[in-house]
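As structure tokens, the structure follows; a few thoughts come after it.
Below, chain A is the first sequence line, B the second, and so on; all start at residue 1. These values consider heavy atoms only, across backbone and side chains, with no hydrogens, waters or symmetry-generated copies.
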There are 2 protein chains.
Amino acid sequence: MKKVSISDIARKAGVSVSTVSFVMNDKAVKMRISQEVIQRVERIAREMGYHPNQLARGLRTGKTKTIGLIVENISNTFFAILAKTIEDEAKKFDYKVVYCSTDNDAVKARELINMLSQRQVDGYIITPTEELLEDIRKLQADNKPVILIDRYFPDHKEIPYVLVDNYAGVTEGMQYLIGKGYRKIALVSIEVDMAHMNDRLRAYYDVLGMHGIGADEITLKLIPYGYDERSALQEIIDLLTERKDKIDAVFFLTNYLGVLGIEAIKRLDIKVPSEMAVLCFDDNDIFRLYTPGISVIRQPVREIGQRAILGLMERLKPANGNGAHEPINIKLPAELVRRESI
Amino acid sequence: MKKVSISDIARKAGVSVSTVSFVMNDKAVKMRISQEVIQRVERIAREMGYHPNQLARGLRTGKTKTIGLIVENISNTFFAILAKTIEDEAKKFDYKVVYCSTDNDAVKARELINMLSQRQVDGYIITPTEELLEDIRKLQADNKPVILIDRYFPDHKEIPYVLVDNYAGVTEGMQYLIGKGYRKIALVSIEVDMAHMNDRLRAYYDVLGMHGIGADEITLKLIPYGYDERSALQEIIDLLTERKDKIDAVFFLTNYLGVLGIEAIKRLDIKVPSEMAVLCFDDNDIFRLYTPGISVIRQPVREIGQRAILGLMERLKPANGNGAHEPINIKLPAELVRRESI
DNA sequence: GATGATAGCTAAAACGATTTAGTTCATTAT
DNA sequence: ATAATGAACTAAATCGTTTTAGCTATCATC
């Protein structure tokens, strides 16, 4: 059983390929094809099980109805939910999503962009890595719409982004901790020089400063990105052991770190919140189900996905001739979810 | 900045497109293109930033170097990890993965297969739904390799599959429970008439039978598939409340149900394992971190992904002319991970 | 009975590659 | 001097669509 092409149908129906094409694309009326021919062609197409070859179509029209989604790691809950939302939302506009993971490696990210561009995707949703600015501008110069998610380049407002308001989120978390009387708040973050993380860090220092909490009370732990799970866990265990008296609360700046944090706390048998309060940026099933429930700053994952698709679709609309779109620089509010860990 | 095509290069280099094509495909030597021309073409291609258009290439060659991955739901941990493994493994063979979620809906699954087929993917890795048999056979008739994962059609060994040995896994779990003295073992499963689930159910009954445990001691709860999280949780809560005395252990048959189970147990404040032992099929970070740690039957997720890709690649090799491949009917052993919940 | 309009199609180019079958020129063999 | 060989390329078909421009037959109009 071989693939059926438009010309197979044409032959069988005794008409030209153009006619079949018009019928298949609902242009038959505009092209004044007779009702009789329309019916015949449609019937034969159905009988033969015709499905248009999207490669050929894409080659001819330059549109593939496909968008490329580049995340850090699809197996991470945050990105997995984001991907699912984006898949669902894109479907509403009859677009298909192709996703891939960078593992936060700029070289890999660059390769992925190339790969997607070779496959002629119509637009991109990207979780950028460091050093990816140039590649993204190339896409834009190429007239391909791009929306950044989760991370951004704050000095380049011409590159649209949709993400959580990291600064406000951490600020809220810190104020909550301080409001509850904690001062010796340790921060555990990942060592990556990107704006979204710097925003979180900045909020930490700003709030501490506002409350006159000095350097001697600060514990900051940055886990190098490349570390495997084992080493990262060890780092956290060491931190919580060595500085136990100098810490009365820990704030984990990512989902992944929070999970490791829980593991460390479990191993060290630290009582939460009596011995140490815990707060995490970004939610996860575990935090809800753990005992005690871990309070978190929740990101609006689904809304990020929805807004990203909406923005992309607007830029993909045929009327993009003018080229002037309103800029997309969206920071969505985070939500403090109070559980039992603080 | 417009896309650079092979003919742009040809023009600039003063040669024909054929020559450029040969150079770009490392066929230059075979086609006796002179070193001088090779160098020149390569230089110009590099300078102009040439990247081959994969649509055109795919249209001509019939190969897209892309495989389609259909899972139930990419936001579920199990499938997310599977997807990531498959992405990584495929990359080793220079293949790209396009994934999509069926939400366990046969209609959607069918649409996805069509969509992938229209995009001319070279092969498929599919988590089938019920009623998908015919569509899969069509792919095979079309000479497109398919490997099923996680689920299968046991009566159709000609459709290759890679999955965990569900029967053996549940058997091991049940025997462990019984070995520990539990007899009133409740089973919580999902209501779906597919072989992998029936295998799990069968193992449950077989082991009970072997130990002479009768109907009066059995509690079986099937959650209808379409239920949302809220309703499913309520069902489990009701079960654990109403039949509390008739249950001394619960065995959750999926990851997702186990998570809901924990939530129910937490809400009802049931002491594990003293009041009730807990076991779950398929692991999850939560089970490891929850207190008490939940024992599980762990699936070899990564190995499933690896074997699936390996099998697919073998069927994708150019030497598939003979058509005779050794059948792939793989059931990988599950592993009992003992924690504190039993 | 020439002119124009309209209905109902079709021919052919184009998209960007790959690939088969030549072509051209220089060199060697007979 | 002619044929054969080989080196170094090129022309053109092809994949399956879309789309523009044009063709033919019929009918109305003056």
Donor-acceptor pair between Glu87(B) and Ser101(A) side chains, under 3.5 angstrom | yes
Calculate the interatomic distance between Met24(A) atom CE and dT17(D) atom P; express it in whole Å.
-> 9 Å
Check whether more than 12 heavy atoms from other residues, nucleotides or ligands sit under 6.0 Å from atom CZ of Arg302(A), and answer yes or no.
-> no
DNA chain C contacts among residues 27-36 of chain A, heavy-atom distance under 4.0 Å = Met31(A), Arg32(A), Ile33(A), Ser34(A)
Salt bridge check: are Asp142(B) and Lys138(B) linked by an N-O gap of less than 4.0 Å?
-> no
Those residues at least two apart in sequence (or on a different chain) that pass side-chain contact (heavy atoms from CB on, under 4.5 Å) with Pro52(B) are Gln118(A), Tyr50(B), Gln54(B), Arg57(B)
Can you list, pair by pair, the side-chain donor-acceptor contacts under 3.5 Å of residues 67-76 of chain A, counting residues two or more places apart and other chains?
| unit_1 | atom_1 | unit_2 | atom_2 | d |
| --- | --- | --- | --- | --- |
| Glu72(A) | OE1 | Arg151(A) | NH1 | 3.4 |
| Glu72(A) | OE1 | Arg151(A) | NH2 | 2.4 |
| Glu72(A) | OE2 | Tyr225(A) | OH | 2.4 |
| Asn73(A) | OD1 | Ser75(A) | N | 2.9 |
| Asn73(A) | OD1 | Ser75(A) | OG | 2.9 |

Which pairs of donor and acceptor atoms, one on a side chain in residues 27-37 of chain B, lie under 3.5 Å apart (sequence neighbours left out)?
| unit_1 | atom_1 | unit_2 | atom_2 | d |
| --- | --- | --- | --- | --- |
| Ser34(B) | OG | Val37(B) | N | 3.3 |
| Glu36(B) | OE2 | Arg40(B) | NH2 | 3.4 |

Answer yes or no: does a side-chain N or O of Thr19(A) lie under 4.0 Å from OP1 or OP2 of dT10(C)?
-> yes
Using a cut-off of less than 4.0 Å, is there contact between a side-chain N or O of Ser16(B) and OP1 or OP2 of dA11(D)?
-> no
Whether Asp8(A) side chain and Ser5(A) backbone form a donor-acceptor pair below 3.5 Å | yes
Five-pair end axes of the helix from dG1(C)-dC30(D) to dT30(C)-dA1(D), angle between them (10°) = 80°
Salt bridge flag under 4.0 Å for residues Lys12(B) and Glu47(B) | no
How close or far is atom C1' of dA7(D) from atom CZ of Phe22(B), stated in whole angstroms?
-> 14 Å
Above 12 or not: heavy atoms from other molecules or residues under 6.0 Å from CZ of Arg110(A)?
-> yes
Under 3.5 Å side-chain donor-acceptor pair for Ser16(A) and Thr19(A) = yes
Could you go over nucleotides 14-17 of chain C and give all protein N or O partners under 3.5 Å, atom names and distances?
| unit_1 | atom_1 | unit_2 | atom_2 | d |
| --- | --- | --- | --- | --- |
| dA14(C) | N3 | Arg60(A) | NH1 | 3.2 |
| dC15(C) | O2 | Arg60(A) | N | 3.4 |
| dG16(C) | N2 | Ala56(B) | O | 3.2 |
| dA17(C) | OP1 | Tyr50(B) | OH | 2.9 |
| dA17(C) | OP1 | Asn53(B) | N | 2.8 |
| dA17(C) | OP2 | Ile6(B) | N | 2.5 |

